[in-house]
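What follows is a short report on a single structure.
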Amino acid sequence: MASERYNAPVREKHWQQVWEERETFRTQDKSKKPKRYQLEMFPYPSGRIHMGHVRNYTLGDVMARYMRAKGFNVLHPMGWDAFGLPAENAAMERKVHPRKWTYENIDTMRAQLKAMGLSIDWEREFATCNPDYYVHQQRLFLDFLKKKLAYRKTAKVNWDPVENTVLANEQVIDGRGWRSGAVVEQRDLTQWFFRITAYAEELLQALDGLQATWPDFVCTQQRNWIGKSTGANMQFALEGGKLSKKLATLEVFTTRHDTIFGASFMAISPEHPLAAHLAQKSKELAAFVEECRKIGTSEEALAKAEKKGFDTGIVAIHPFKPDVKLPVYVANFIVMGYGTGAIFGCPGHDQRDLDFARKYSRPVIPVVLPPGADPATFSIGAEAYVGDGTLINSEFLDGLAIEAAKDRIASLLEERGIGERKVNYRMRDWLLSRQRYWGCPIPVIHCEKDGIVPVPVEDLPVKLPEDVTFDKPGNPLDHHPTWKHVKCPKCGEPAVRETDTMDTFVDSSWYQFRFTAPHAAKPTDSKALKYWAPVDQYIGGKEHAVLHLLYARFFTRGMKATKHVDFDEPFMSMFTLGIVVHETYRSENGDWLTPAEVRFEGDGPTRKAFSTSTGRPVEIGAIEKMSKSRRNVVDPDDIVANYGADTARLFIVSDSPPDRDIIWTDAGVAGAGRQIQRISRLIDDVVERKCSKDVKAPAFGPDAQTLRRIAHKTLNNVGQNIEALRYNVAVAQIYELTNALSSALSKSGEGLDWAIREAAELLVQMIGPMLPHLGEECWARLGYNTMLADQPWPEADPGLLVDDVITIAVQVNGKRRDELTVARTATSDEIEAAALELEPVVRALAGRPVKKVIVVPQRIVNVVG
RNA sequence: GCGGGUGUGGCGGAACGGUAGACGCAGUGGACUCAAAAUCCACCGUUCGCAAGGACAUGGGGGUUCGAGUCCCUCCACCCGCACCA
């Protein structure tokens, strides 16, 4: 009898309601169970959830539900990264207050996420734009300020002309704002910074400990971003140009102090103070500096630009060879932001210096001899030699290895007081101020007399004013008629509030700790934190490798220094997921079409697309990340409404490994939908067959035994694969079990009914983490009035994981010729003897004598002849 | 330029150094239908062969090994990150 079609959308609502009524996913702060903190990067409430969210939270939910079943006390919370510029843009475009816009979006998205059937404890939900949250962030800021981890300075900063605010270095991608895409300008401004550089070494070192549980590329990118280089600072005395005492010494940073005898010029950045000083007297130099500034916008253009220099006429005296005078150039390839903004040029062993030296006819002196090269004939051609070797042409360094020479020079520099060993980092301090309204106010007051005065803790939170206007460019907090005017907490005289707000990445740098005690009176609650933190498994997008993930690591250290936490790393284990991509479609006139606006004819290479409205041909374009601009988006709501959340979840976890990109296709979704129906039917058939497990295990015939082995092996493998986040493999194994169960249903045999019932129950429990609604449905159909979500993960019977009889392959000279079925306990000799008897083996040997037989019991036989 | 990653059928992808292509999608043939949908059964890397059975196959080339998709060397392609960082 055909069973009824499983009406997922209706039944899913039912089970979601049951979970809610029973408070199935309420977190227990007190428990004897081991804890597990599962977290996915919380969403920005942009309006509606997209497939990226669906993927992220599905992946996390499978793990959370599995861990629950495995007996862990699980914390799996959800919140909103709710501050940010889009809310202000909406305010400007639609005349709606950012708060209203944000909270409406949160309501919409919360409902969407709930429809996904996530095992979230919604009691712990918070939004970072709520003063209940940001008051704690302001406390943290004041503590950081006290520890000098937050400070204010004037510096060249990245200005995003579209967002009308400054950006941190990490937020500038290829010279453009990470969100606006606008070419970033450099401006001298006084801004707030976090002293992330104080932790550069620690952040770098600790990556070694994360290596095993974080993706390689994230660790590598963070290492590169921190950019440690070990070298030396070296001072050169200058001659000529009537320089002040301060300017008459030029300090450079180098990692190749061993090559000092190969120096043939000096180069300084156009932004170097010496260049600025000299430009005052030289119109030509001033023009050159201006020219460099103009090119200096795009980093890529900068890298390709021809090396150019301007001879200042000043010379530097070689520190170890006073008769050698090195001309000082202002050069366009020296950046002020790194080292000291000045170098000594050693053309023999640095490609940039060589390019420069050839252009300006400076001598090229080789000072490192490659191993095996002849010192009499070795010379530098078009390429600098950067490899290993022995020092030559370097007086007292001659014959030394590079490292020894570096050491010798560094010691001499230190002895003579003209330099020292020095470690440089590429990473800059984190610029945290933003000239925007919709962010956490920086809780300080500027007083003419007392300078920067922290807002007293009892006056927190510094709340955002509600009555703001967005009709003028610039920061609405600055325009507000009264908000910023306050009395100095110290002297009582009129003063002004800081009108900058914090980078929203600050909000997301510590939210993971707030979830452990979301209603605590302090930023963290030490008891709750001790129990729950750190996050055991964190899941999120690849794009945060050096943004959020680096900031959060720094912030945790800052919170340790200010005694809010007592550990260094926020996320024990990190997993980065791939993006959801989809085909793109373009009409004849070049407009992007949504997948819903396209219909298809044929398939494979002959597949063609047509517009549903005009019937005209449509060009099928590249498969790209789902985006509004390409219109290649599929609304999760449509999938949930048509197929149900379980189908969306199943499509997400099957086929593609979670860390790779997943191509969203209608066919794939339909296929996942069919699997849901198939499992539903299968359970109906089992129920109809009235299979019972009430009696103790009966005797099992061969079919029953086979099914039991498959079921228990699958159980074992699925568990392992879920733990390793290899969900696609786990799904494939579950399918194999459904296939086995399905074919068992057409048979009868000793103990088979019992085995079928057992396999069906195991199957239902295994689909629980991925297909929670269908799981509950089937669990109920099997006659249980308990919740599947409350069931412990079943234990596989170890006796069923190993086979009595094993089929092993038989190779001749490494090529498979036959297979052999033997008892698991068969000895090597028995296997060898049996293998040599096989007709295909005899034939393949073609009369040649057997030289050797390799027998790997339970695996393979290889006959070498 | 430097660093990281990926490369397996028409497609997504499986494979402790041990039977390559599990599982799914697409496809082909068939059953059930008046018909369609749904469902079920069979086939499904290339190639030679009626078949039995061979040969060739994991980006290319070499190597280690009884045995390599897997380890080593080298080259190629694509993706990502950083990029005149001294």
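Note on naming: letters A, B, ... go to the chains in the order of the sequence lines (proteins, then strands), and numbering restarts at 1 for each one. Predicted, not measured: the structure shown is a model, and the values here were computed from it.
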Could you check which nucleotide pairs with [N] in any of the strands shown, counting Watson-Crick or G-U wobble with both distances under 3.5 Å?
N	value
A55(B)	U46(B)
C11(B)	G24(B)
C78(B)	G5(B)

**OP:** Determine yes or no for a side-chain-to-main-chain donor-acceptor pair under 3.5 angstrom, with Gln677(A) supplying the side chain and Tyr6(A) the backbone.
**Re:**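 At least one qualifying donor-acceptor pair exists.
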Report yes if at least one side-chain N or O of [X] is closer than 4.0 Å to OP1 or OP2 of [N]; otherwise report no.
X	N	result
Arg843(A)	G54(B)	yes
Thr255(A)	C85(B)	no
Arg817(A)	U19(B)	no

**OP:** Indicate yes or no: does Arg55(A) engage Asp661(A) in a salt bridge with an N to O separation below 4.0 Å.
**Re:**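 No, no charged N to carboxylate O under 4.0 Å.
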**OP:** Return the 5'-most residue of the pair Asn739(A), Asn721(A) with respect to RNA chain B, ranking by each residue's nearest nucleotide.
**Re:**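 Taking each residue's closest nucleotide, the earlier one in sequence belongs to Asn721(A).
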Rounding to an integer number of angstrom, what distance separates [N] and [M] when you compare their [atom1] atoms?
N	M	atom1	value
C2(B)	G9(B)	C1'	36 Å
A55(B)	G62(B)	C1'	23 Å
G61(B)	A68(B)	C1'	15 Å
U33(B)	C43(B)	P	24 Å
G10(B)	C79(B)	P	22 Å

Original post:
Are the aromatic ring centres of Tyr329(A) and Phe356(A) under 6.0 angstrom apart?
Top reply: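 Yes, close enough.
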Subject >> Sugar-phosphate only, base, or nothing, as touched by Gln351(A) at under 4.0 Å among non-hydrogen atoms >> reply: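 Here Gln351(A) touches no strand at all.
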